[in-house]
Amino acid sequence: MRRHPGRGEAGRRRGEAGRAVSLPSERGADVGRRIGVGLMYGLWRPRVLGSWRVPATGPVILAVNHSHNVDGPMVMGVAPRPVHFLIKKEAFVGPLDPFLTGIGQVKVDRHSADRTAITTALGVLEAGGVLGIFPEGTRGEGDFASLRAGLAYFAVRSGAPVVPVAVLGSSERRGRLIKALPPLRSRVDVVFGDPFEAGDGSGRRTRRALDEATERIQKQLTAHLENARRLTGRQATLK
């Protein structure tokens, strides 16, 4: 059985050229989860389905669709375990920088091969933590129609199972008081799917293996999204 070191053992991980990279705080992520619980349930009415499907221990990747800025905080608040999300560096501005860092989130440069972010994310998984990823790379329709290769890389490299997560209802309507947010006390559905392995079991990390893994992931995520819409009675939002 593969042993996943605790956060104390894996508090620092060697990056490029042997540089030590500090891993995000597990305790901080737990604090972020508690804050998320209060905010998400205080402002909206989340309906959570299938959270029991998230493995209780060991490394896990949550692959979340992304149609609204509230999707990440919503998953942080309703997930059964603390989550370290890969978040675009543009969000780390002003007071949000120390706050997001303090609650265990990972800054990533989407426009380059961010070696520090890659090493940090792999370190989270190596330590048995939960890594949250928006596989579409940016906010959009939230339909998993176009995936970047990052999710496949982390899944194949770490061997961690992928749990698909569908957030539905966050972008259907604008709030009256704050138009950038969903209407206060509106229902937002979060549906967790069955964990699956992205690799083919060969351990290959070639470009072809990653492309094949991306195809498998996209099929799984798309199927989960369709099933989540059936379960919740929501249809795709036409824009």
Side-chain angles (χ1 to χ4, degrees), residues 3-13 15 20-44 46 48 50-66 68-110 114 116-135 150-151 154-155 157-165 167 170 188 190 192-193 195:
R3 188 173 71 91
H4 299 283
R7 188 55 53 88
E9 294 178 70
R12 298 182 73 81
R13 180 184 173 91
V21 177
S22 296
L23 295 186
S25 166
E26 180 78 6
R27 181 177 298 178
D30 186 55
V31 171
R33 178 176 178 273
R34 294 172 187 272
I35 294 173
V37 168
L39 286 177
M40 296 305 109
Y41 283 93
L43 296 176
W44 297 285
V48 185
S51 60
W52 55 269
R53 293 188 171 98
V54 178
T57 60
V60 180
I61 299 174
L62 300 185
V64 186
N65 68 325
H66 196 22
H68 197 283
N69 283 332
V70 79
D71 296 339
M74 181 64 68
V75 173
M76 286 179 61
V78 305
R81 295 173 59 186
V83 184
H84 304 275
F85 264 101
L86 282 173
I87 300 176
K88 63 183 181 180
K89 70 175 185 178
E90 290 83 358
F92 289 74
V93 294
L96 278 179
D97 188 348
F99 173 73
L100 291 174
T101 301
I103 61 171
Q105 306 311 293
V106 182
K107 182 190 304 186
V108 60
D109 185 347
R110 299 174 299 166
D114 190 335
T116 297
I118 291 171
T119 301
T120 302
L122 289 173
V124 167
L125 296 172
E126 182 180 323
V130 181
L131 183 67
I133 296 180
F134 299 114
L151 173 54
F154 289 122
R157 176 75 181 270
S158 69
V162 177
V163 172
V165 185
V167 182
S170 60
V188 178
V190 183
F192 294 84

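Reckoned from all heavy atoms, side chains included, excluding hydrogens, waters and symmetry mates. Index from 1, following the sequence.
The side-chain contact (heavy atoms from CB on, under 4.5 Å) search around Asp109 returns Lys89, His111, Ser112, Asp114, not counting sequence neighbours. A search for side-chain contact (heavy atoms from CB on, under 4.5 Å) contacts involving Tyr41 returns Val37, Pro46, Val48, Val78, not counting sequence neighbours. By the ring-ring contact (aromatic ring centres under 6.0 Å, His included) test, Phe85 pairs with Phe134, sequence neighbours left out.
Side-chain contact check for Met76 versus Met40: every heavy-atom pair is 4.5 Å or farther apart. Taking 4.5 Å as the limit, every side-chain heavy atom of Arg157 sits out of range of all side-chain heavy atoms of Leu125. You'll find the side chain of Val60 stays beyond 4.5 Å of the side chain of Pro195, heavy atoms only. Inter-residue side-chain proximity for His68 and Met74 is flagged as unmet; no heavy-atom pair is nearer than 4.5 Å. Taking the side chain as every heavy atom from C-beta outward, Pro55 and Val163 approach each other to under 4.5 Å.
When every heavy atom of Ile61 is checked against every heavy atom of Ala160, the shortest pair comes out as CG1-CB, 4.2 Å. Minimum heavy-atom separation, Val106 to Pro24: CG2-CG, 4.0 Å. Here the closest heavy-atom approach between residue Pro135 and residue Val64 is recorded as CD-O, 3.3 Å. Scanning all heavy atoms of the two residues, the minimum distance from Pro82 to Val130 falls at O-CB, 3.4 Å. Closest heavy-atom contact between Pro80 and Phe192: CD-CZ, 4.5 Å. When all heavy atoms are compared, the tightest approach of Val70 to Ser170 is CG1-CB, 3.7 Å.
Rounding to the nearest 0.5 angstrom, the gap separating the CG atom in Leu62 from the CG atom in Leu131 is 8.0 Å. Rounding to the nearest 0.5 Å places NE2 of His84 at 7.5 Å from OG of Ser25. Between the CD1 atom in Ile87 and the CD1 atom in Ile133 there is a gap of 12.0 Å [rounded to 0.5 Å].
At least one donor-acceptor pair closer than 3.5 Å links the side chain of Gln105 to the backbone N or O of Val83.
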Original post:
Please walk me through it: do Phe154 and Ile118 pass side-chain contact (heavy atoms from CB on, under 4.5 Å)?
Top reply: CA-CA 8 Å; Phe154 289 122; Ile118 291 171; 4.1 Å; yes

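For residues 50-60, the set of pairs meeting the salt bridge (charged side-chain N to carboxylate O under 4.0 Å, His left out) definition, not counting sequence neighbours, comprises Arg53-Asp194.
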